[in-house]
There are 2 protein chains.
Amino acid sequence: MGIDLESASKSPSLGRVTLEDVAHLAKVSPATVSRCLNRPDSVNLDKRARVNQAIQTLGYVPHGAARALASKQSRMVGAVFPAIDNTLFGASLDAFQRTMADADYTVIVASSDYDPLREKQHVRRMLQSGIDALMLVGLVRDEETYELIGAHGIPYVTVWRLAGQQVHPAVGFDNRAAAQHLTDYLFSLGHERIGVLSGILEYNDRAQDRLAGVRDSYAKQGRTLADNHLIERPFGVEQGREMLRLIMSQETPPTAVVCGAEPLAYGAIFEAAAHNISVPGDLSVAAFDDTWLAGQISPKLTTVRTPNMEIGEEAAKYLIATLSGVQPPLPRPLETDLIIRESTGRPPAG
Amino acid sequence: MGIDLESASKSPSLGRVTLEDVAHLAKVSPATVSRCLNRPDSVNLDKRARVNQAIQTLGYVPHGAARALASKQSRMVGAVFPAIDNTLFGASLDAFQRTMADADYTVIVASSDYDPLREKQHVRRMLQSGIDALMLVGLVRDEETYELIGAHGIPYVTVWRLAGQQVHPAVGFDNRAAAQHLTDYLFSLGHERIGVLSGILEYNDRAQDRLAGVRDSYAKQGRTLADNHLIERPFGVEQGREMLRLIMSQETPPTAVVCGAEPLAYGAIFEAAAHNISVPGDLSVAAFDDTWLAGQISPKLTTVRTPNMEIGEEAAKYLIATLSGVQPPLPRPLETDLIIRESTGRPPAG
DNA sequence: TTAATTTTTGAAAGCGCTTTCAAATGATAA
DNA sequence: TTATCATTTGAAAGCGCTTTCAAAAATTAA
């Protein structure tokens, strides 16, 4: 059962160093050691010193599972993203993890591949691991996922969109308004046929919102988005190229396209170049995200800057506050900016 | 103390559902329920059915911390990357997480920002959380970090380079050989002055290896890399631009540059374009990574394809095997490919 | 100085599971 | 049928911590 003072020097790595070992060495009770770890102020100064000293010399590392079992909190939080191999969610995850680490939380991460069932699996697994809180992207998911979380009674937050009618706490921005604003701008340049290159809409409420925003803008013009001016494909440059080809081969092609995400826009721009379609001369291209490439590529991309890092950070802060007993105000919507660069302009004369 | 048969229906969410509750409902002992969870074959068929049924109706979710405490394994593994907000490590993380999830492991992730002290912090925290295994990038780190891991006796694996002299298990590829190969190619085109645009070398053995590879190639030519043809900056497009400006303003600028990572190369290409430096006419540009952009940008980038996903997957497999008692063979070096595209060519005539 | 409070401490009872060990059951051989 | 062995089962003892509760020590008031 652990080590005591003398044997410590003799057999340094004989089994795990426990809190009890520390207690022995420091000549206090285990309870006191525990207090030193959790509420140091509640213990006498010299005893605290002795304990810290003992911890030091023994190289004691608390046993998380034991703590979690006894205290009913693990100091672990979960985050499930649709994908984690891209800059977009990567930035959110990075900020989330940083903020959590600063508050001494560890983060478990998983990617759902835009699949609600897979997401549910991950949530279940995380719940089982004992997470204290959870971050999820968007609001649309398998109902059972919400039930699982509810049954465990842990706080959670959804990100990358606003709550809408829903009751779930949300940290994000108004995709719909942003899309409308962007489309309004395109209309204001004189465009009349504005196409949409969207990611897969199913299970992706952010994409749905953006499409709705475009439609709102159309409606304001007393127009409607032509069916053949909306194309839907998975996110990716290749897909962007393909979609551009498709949409430009319509009988009456659009003079501008709104892309649901930046890779799509890059694909569109590359493919346009390959077909001698001038951007923005013949076709305006706009998108969302404003990643590091947007301002570098030629033509520089007109795009809506989305608060990727802020989302991760604010979501973490919200959860941390909730966990520490503070009931934080519902997070305010984050801001987006329309960044007008070179890829958009007036429609061609003809 | 939990719920029993009748009260279950009356008060569904009154406290946590425990294994004991399941045992009651199924009319077996807790031990048997535990066996159903862990080694189902060791329990009688109809009893197993009763238990599963009970689990179902009660919505029982095992308590991870309790399991970890009793069984001495948490089914959690850790991964700390220098950064997680980029496609490169993102792809590794993604593959790692996927593979781990398939083996029913949960992954804790953190980013160290290329800072060994921060990395040590994260490792400590993860160890405390009770991870069963750990993945780390590169070999160079605070010695104490290795000691911590050693003291806990958990398996670990390092990635993104080969083990070299070191005794640490490593899943990766030979950065040095790849860099040499790339530089050889540039020399074979007739270049004589090949510059290097490197990431920060300190604490980044991958970057150091790549630089060494370039030097190897120089040595083969009986030449040496001029000091002012090596520039070192953090990874980023902006930095790439800056470095290109710097290196091209030397008295005798290089006719080719090897970039330590792709963002640097894009920066270089963009900045070259801005200064009417033709790529590859006036300057050849080559890099590492082969991300989604490399083949799309103009000029298409000559680059070394690195096995990002494979790394994550193989690292996970290695750890999973080790954890399941199989002593896996030390992982073999992964392959890289030199992908020659448009950004490299013969040096200018003059 | 002593009594009344407040603060600090330790003993002990769990937290929810796994796992040993021995008992009970079932299968097989004689 | 009975003896022998293999398979299933349950009782009980932890795993390493936290936390209540009551006792002890330190502080303040009287």
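Labels below follow one simple rule: chain letters A, B, ... track the order of the sequence lines, proteins then strands, and each chain is numbered from 1. Keep in mind that this is a model prediction, so the values were computed, not measured.
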Options [options], nucleotide nearest the side-chain atoms of [X]:
X	options	value
Ser29(A)	dC17(D), dA11(C), dA11(D)	dA11(C)
Arg35(A)	dT18(D), dT9(D), dG10(C)	dG10(C)
Ala70(A)	dC17(C), dG16(D), dG10(D)	dG16(D)
Lys72(B)	dG10(C), dC17(C), dG16(D)	dG16(D)
Ser71(B)	dC17(D), dT18(C), dG10(C)	dT18(C)
His63(A)	dC17(D), dT20(C), dG16(C)	dC17(D)

Knowing that exactly one of Arg75(A), Arg67(A), His63(A) qualifies, which makes a side chain to side chain contact (heavy atoms under 4.5 Å, CB included) with Gln128(B)?
->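 Of the listed residues Arg75(A), Arg67(A), His63(A), the side chain to side chain contact (heavy atoms under 4.5 Å, CB included) partner of Gln128(B) is Arg67(A).
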Using a heavy-atom cut-off of under 4.0 Å over every strand shown, decide if Val28(A) touches base, sugar-phosphate, or nothing.
->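 Answer is sugar-phosphate: Val28(A) comes under 4.0 Å of backbone atoms only.
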Looking across every strand, which nucleic acid part, if any, lies under 4.0 Å from Ser34(A) by heavy atom: base, sugar-phosphate, or nothing?
-> base
Check the distance between [N]'s [atom2] and [X]'s [atom1] and give it to me in whole angstrom.
X	N	atom1	atom2	answer
Arg75(B)	dT18(C)	CZ	P	12 Å
Leu69(B)	dG16(C)	CG	P	12 Å
Arg48(A)	dT8(C)	CZ	C1'	12 Å
Gln128(A)	dG16(C)	CD	P	15 Å
Asp46(A)	dT8(C)	CG	C1'	11 Å
Arg16(B)	dG14(C)	CZ	C1'	15 Å
Arg67(B)	dG16(D)	CZ	P	18 Å
Gln73(A)	dC15(C)	CD	C1'	13 Å

Examine dG10(C): is either OP1 or OP2 under 4.0 Å from a nitrogen or oxygen in the side chain of Thr32(A)? Give yes or no.
-> yes
Would you indicate, yes or no, if dT7(C) has its OP1 or OP2 atom less than 4.0 angstrom from a side-chain nitrogen or oxygen of Asn44(A)?
->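 For dT7(C), neither OP1 nor OP2 has a side-chain N or O of Asn44(A) closer than 4.0 Å.
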Under 4.0 Å between a Lys/Arg side-chain N and an Asp/Glu carboxylate O for Arg98(B) and Asp102(B)?
-> no
Output, in order, the C-alpha distance, side-chain angles, deciding distance and verdict of side chain to side chain donor-acceptor pair (under 3.5 Å) for Asn308(A) and Ser92(A).
-> CA-CA 5 Å; Asn308(A) 313 341; Ser92(A) 281; 5.6 Å; no
Would you say the side-chain atoms of Thr18(B) and Asp21(B) include a donor-acceptor pair closer than 3.5 Å?
->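 Asp21(B) and Thr18(B) do have a side-chain donor-acceptor pair below 3.5 Å.
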Do the non-hydrogen side-chain atoms of Arg141(B) and Lys120(B) ever get within less than 4.5 Å of each other?
-> no
With DNA chain C as reference, determine whether Val61(B) or Lys47(A) sits nearer its 5' end, using the nearest nucleotide of each.
->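 So the residue in question is Lys47(A).
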Map Asp41(B) and Ala66(B) onto DNA chain D by nearest heavy atom, then report which one ends up closer to the 5' terminus.
->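 Upstream on the strand: Asp41(B).
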